[in-house]
Undergrad: 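Starting off with a structure, shown below.
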Amino acid sequence: MLKIAGLSAKYGSIAALADVTLSVGRGQIVSLLGSNGAGKSTLLGCITNSVSCRMSGSIKFEGAEILGLNTEAIIARGLVLAPEGRQLFPELTVEENLRMGAYGFDRGRKWRLDLQSVPATR
């Protein structure tokens, strides 16, 4: 579903990521752990092209190369970030926040089916 190979990212002359390789299969849940400044946010920003840095390597989503696509095109393919911890929409329920993530791309009309396909965790 998501395959990252040899991803490197730089902010000017500062290397933020170096040769990152990661694979996430359909239905998998993956945690990204690291200290402040380790590159977690940069990696997520690179996946959605929502950071201003120079990138090289490969990011494939459902078999198609997305590195270099603009953020809107990536979202239209169904790949979005759901920020946590910043309380962007604290007055919304979890379901309402998920609906916000579905807004603006073709799958938006099918968000309930997507939600039903996620295994419940407790």
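Computation of the quantities below employed the complete heavy-atom set of this structure, encompassing side-chain atoms and omitting hydrogens, waters and symmetry-equivalent molecules.
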Undergrad: Applying a strict under-4.5 Å side-chain criterion to I, L, V, M, F, W and Y, I'd like to know whether Leu22 and Ile66 cluster together.
TA: yes

Undergrad: Please answer whether the main-chain N or O of Ser56 pairs with a side-chain N or O of Ser8 as donor and acceptor at a distance below 3.5 Å.
TA: no

Undergrad: Within the structure provided, determine whether Met1 and Glu62 are in side-chain contact (heavy-atom separation under 4.5 Å).
TA: yes

Undergrad: Nearest 0.5 Å, what's the OG-CD distance between Ser50 and Glu72?
TA: 10.5 Å

Undergrad: For the side chain of Lys60 and the backbone of Leu2, is there at least one donor-acceptor N/O pair under 3.5 Å apart?
TA: no

Undergrad: If you round to the nearest 0.5 Å, how far is CD1 of Ile59 from OG1 of Thr48?
TA: 8.5 Å

Undergrad: Within the 4.5 Å heavy-atom criterion, are Ile4 and Thr21 side-chain neighbours or not?
TA: no

Undergrad: Quick one: CG on Leu7 to OG1 on Thr42, what's the gap to the nearest 0.5 Å?
TA: 10.0 Å

Undergrad: Could you tell me whether a side-chain N or O of Asn49 sits under 3.5 Å from a main-chain N or O of Thr71, the two making a donor and an acceptor?
TA: no

Undergrad: Got Val20 and Leu43 here, is their nearest side-chain heavy-atom distance under 4.5 Å?
TA: yes

Undergrad: Quick check: does any side chain N or O of Arg54 sit under 3.5 Å from a backbone N or O of Ala9, one acting as donor and the other as acceptor?
TA: no

Undergrad: Return the CG to CD1 distance between Leu79 and Ile74, rounded to the nearest 0.5 Å.
TA: 7.0 Å

Undergrad: Report the distance from atom CG of Leu17 to atom SG of Cys53, rounding to the nearest 0.5 Å.
TA: 7.0 Å

Undergrad: Between Tyr11 and Ser52, do the side chains contain a donor N or O and an acceptor N or O under 3.5 Å apart?
TA: no

Undergrad: May I ask whether Val51 and Leu32 are part of the same hydrophobic cluster, defined by side-chain heavy atoms of I, L, V, M, F, W, Y residues being less than 4.5 angstrom apart, directly or through others?
TA: no

Undergrad: Less than 4.5 Å apart, side chain to side chain, heavy atoms only: is that true for Ser58 and Lys3?
TA: no

